[in-house]
Amino acid sequence: MFSLVCLSAILLFAPAAPTDLRVNLLRHPERAVITNPDLRFGWVVNDLRPKAEQGAYEIEVNLQDGKVIWKSKTVHSNESVQAPYSGPPLRTGIYKWRVRSGDNKSRMSPWSEPQQFEIRLPDPTDKPRAWPAESHWVKIGDRMGLEDRQCSDVVENKQVSLQKIDDKRWVVDFGKAAFGTLSFDVSAKTSVPLRIRIGERKAADGGVDSKIGKSSIGYIEHDVTPDQNGRYHVQIPRHIGRYPHSQAVPEFMDEVIPFRYAEIIGVPPSGQPTNISQLALYHDFDDTAATFFCSNKNLEQVWRLCKYTLKATPFLSLYCDGNRERMPYEADSYIQQLGHFSVDTEYTAANYTLAFLLHHASWPTEWQSHTIFMAWDLWMNTGDLSIARRFYPVLFEKTLVALSEKDGWISTRKGRADKEFLKKINLEQRDLTDIVDWPAGERDGFVITDFNTVVNAFHIASLRKLADIASALGKFQDSANLRKRAGELTAKFNDTFFNKEKGIYRDGIGTDHSSLHANMFPLAFGITPEVNKKTVVDFVKSKGMACSVYGSQYLLEGLYAADQAEAALNLMTDESDRSWMH
């Protein structure tokens with residue numbers, strides 16, 4: 001009875017200790033190294049009382065031996081993200097911190113469990129390096145970690161099924177594809193090399209499909225011999241980066257490819273593979289952070305696949321295209337970030353990817369806007385403006401306002417996208433080129449003109465989002481100018497690109513062709529006025545999913561924004577070729 005009374009009193013009069021502590025967005029700072037001593041702390045307020053909210057907090061930072069080096073005063077604030085460190089300068093070393101929160105009546109919670117973090121300041125004698133450069137792996141105790149972001153770790157996935165095809169062939173199914181390699185034992189001892197086929201798709205005979213055609217579906221064939229312990233471990237040849245910003249698995253880790261199935265050939269008739277593991281490389285991921293159930297089983301399938309995709313694909317601790325190029329692209333990364341933030345609260349992969357892309361732009365025109373979208377979305381989800389603050393001049397250039405002609409429309413074909421401008425947006429390899437959608441066959445016949453609808457819709461959307469960021473950074477004149485330009489162009493957009501006779505947008509100045517893309521992007525960005533929405537929506541719905549996986553993100557956003565939820569849901573759950581279900 002006494003313990004129940006005490007529990008009731010706690011729930012009635014004081015919040016519980018905060019949980020889910022973060023340092024510089026790291027939820028496991030003990031598994032990383034922080035190089036920026038400008039610390040920002042975060043936590044989850046753990047007050048279970050109805051309508052409760054934080055009214056105050058206190059932070060304490062200690063040395064590893066427990067000596068207090070800084071304790072904040074009681075800060076009267078409801079902020080629980082990005083709370084600044086205001087103590088004496090921190091040196092290289094290991095620290096611990098803790099926090100407690102209070103309600104609006106200054107009733108304070110107990111202190112949280114302490115969280116450890118490590119600061120490693122750059123040696124002033126070291127050669128300066130561009131940030132972010134390649135992944136900086138560092139030794140942390142008996143393991144490896146990354147500077148300023150969470151790293152990927154190897155997880156052993158066990159087989160879902162094991163099937164014998166003939167006297168010497170066995171096929172393993174792990175249930176899901178992952179970036180990894182394979183290890184196993186054989187019950188009958190043999191020193192003869194075994195042939196291994198690992199890949200993402202089964203062949204008609206039940207083995208692993210080796211005829212992958214033009215797709216980039218993962219597949220490799222390899223001979224392997226047992227090690228001194230009699231265990232077979234597939235050493236995949238190192239991935240050769242053929243693209244300018246390809247990322248690599250570090251040398252101290254096994255190379256990986258995406259695979260679900262493994263075919264083991266040459267096993268003695270008296271034996272079988274045992275102790276089989278898919279050694280999968282996953283970025284830090286909390287499987288319990290998000291769940292989803294509904295009456296529509298197709299939608300549940302789509303959600304589960306999408307969630308797992310967000311777990312499996314950032315295997316190099318940043319967003320990249322997958323196994324073919326292993327490099328990030330702005331639009332791909334933005335859509336991956338949207339999905340990632342929907343199913344987990346790990347933000348350092350997004351943070352690093354954005355910083356990387358701001359230094360290493362890719363060639364599509366509209367992709368430049370996506371860095372602004374990424375910065376805005378990161379701020380919305382974390383309260384963190386550090387990337388936007390640090391790289392605001394580059395983000396400003398990414399609006400492409402410098403490419404505008406006298407009428408306000410931007411174009412990459414009028415000579416303004418010269419080498420001097422490309423240098424400002426950190427595009428090194430080739431000229432800026434309008435993309436609309438990719439691959440080109442997914443453009444619904446879009447006619448690219450000097451001044452096209454899609455590029456200028458993205459321009460308006462980027463102006464609006466950067467105006468929000470500028471205001472949050474205290475750049476109020478910039479914000480006002482950006483917002484004014486966006487408003488003026490929005491009004492002109494509907495005069496210039498809208499075909500009043502057909503009631504839909506044309507692809508650009510100089511053509512009467514109207515594609516899905518010319519209409520879904522203005523709809524998604526809130527450019528289409530109410531008076532024109534019905535004809536635009538009807539046209540968009542008539543086209544179905546006549547776009548790529550990338551384009552479908554904006555198609556669905558546009559439909560939901562126009563109160564066409566049923567049409568959008570049908571595109572996700574329909575079983576035709578043009579759907580997310582397919």
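What you see below is based on every heavy atom in this structure, not just the backbone, and it leaves out hydrogens, waters and symmetry mates.
- Side-chain atoms of S246 come within 3.5 Å of backbone N or O of E325 as a donor-acceptor pair.
- The list of salt bridge (Lys or Arg N to Asp or Glu O under 4.0 Å) pairs with a residue in residues 259-287, not counting sequence neighbours, reads R27-D284, R31-D284, R169-E263, D173-R260, R197-E263, D287-K311.
- In this structure, the side chain to side chain contact (heavy atoms under 4.5 Å, CB included) partners of I220, at least two apart in sequence or on a different chain, are I198, I236, P237, I257.
- Under the ring-ring contact (aromatic ring centres under 6.0 Å, His included) criterion, H28 pairs with no residue at all, not counting sequence neighbours.
- Sorted by first then second residue, the salt bridge (Lys or Arg N to Asp or Glu O under 4.0 Å) pairs that include residues 293-307, not counting sequence neighbours, are K297-E300, E300-R304.
- Annotation: salt bridge (Lys or Arg N to Asp or Glu O under 4.0 Å) contacts involving residues 15-25, sequence neighbours excluded, comprise D20-R22.
- Checked against side chain to side chain contact (heavy atoms under 4.5 Å, CB included), P18 has the following partners two or more places apart in sequence or in another chain: W43, V99, S101, S109, S112.
- For S187 against G271, the heavy-atom pair with the smallest separation is OG-CA, 3.2 Å.
- In this structure, W376 and W379 have perpendicular ring planes: the angle between them is above 60°, well past the 30° mark.
- Taking N275 as the reference, K158, D185, R231 meet the side chain to side chain contact (heavy atoms under 4.5 Å, CB included) condition, with sequence neighbours excluded.
- Applying the salt bridge (Lys or Arg N to Asp or Glu O under 4.0 Å) test to pairs two or more places apart or on separate chains, none has a residue in residues 352-363.
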Is there a ring-ring contact (aromatic ring centres under 6.0 Å, His included) between Y219 and Y261? Walk through the geometry before answering.
CA-CA 10 Å; Y219 173 80; Y261 304 100; over 10 Å; no

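- Scored by the ring-ring contact (aromatic ring centres under 6.0 Å, His included) test, F285 finds no partners at all (sequence neighbours excluded).
- Checked against ring-ring contact (aromatic ring centres under 6.0 Å, His included), F293 has no partners two or more places apart in sequence or in another chain.
- C547 approaches L555 most closely through the heavy-atom pair SG-CD2, 4.1 Å.
- Residues satisfying the side chain to side chain contact (heavy atoms under 4.5 Å, CB included) criterion with D444, sequence neighbours excluded, are S515, L516, H517, K543, A546.
- Checking T348, N36, T35 one by one against D148, the side-chain hydrogen bond (donor to acceptor under 3.5 Å, both in side chains) holds for a single residue, T35.
- By the ring-ring contact (aromatic ring centres under 6.0 Å, His included) test, W580 pairs with no residue at all, sequence neighbours left out.
- Between F179 and F315, the ring planes are parallel. Angles under 30° get that label, and only those over 60° would be called perpendicular.
- In terms of heavy-atom proximity, A177 sits nearest to Y308 at O-OH, 2.7 Å.
- Minimum heavy-atom separation, N323 to P258: CG-CD, 3.5 Å.
- In summary, the side chains of S277 and E156 do present a donor paired with an acceptor at a separation below 3.5 Å, with no hydrogens or angles considered.
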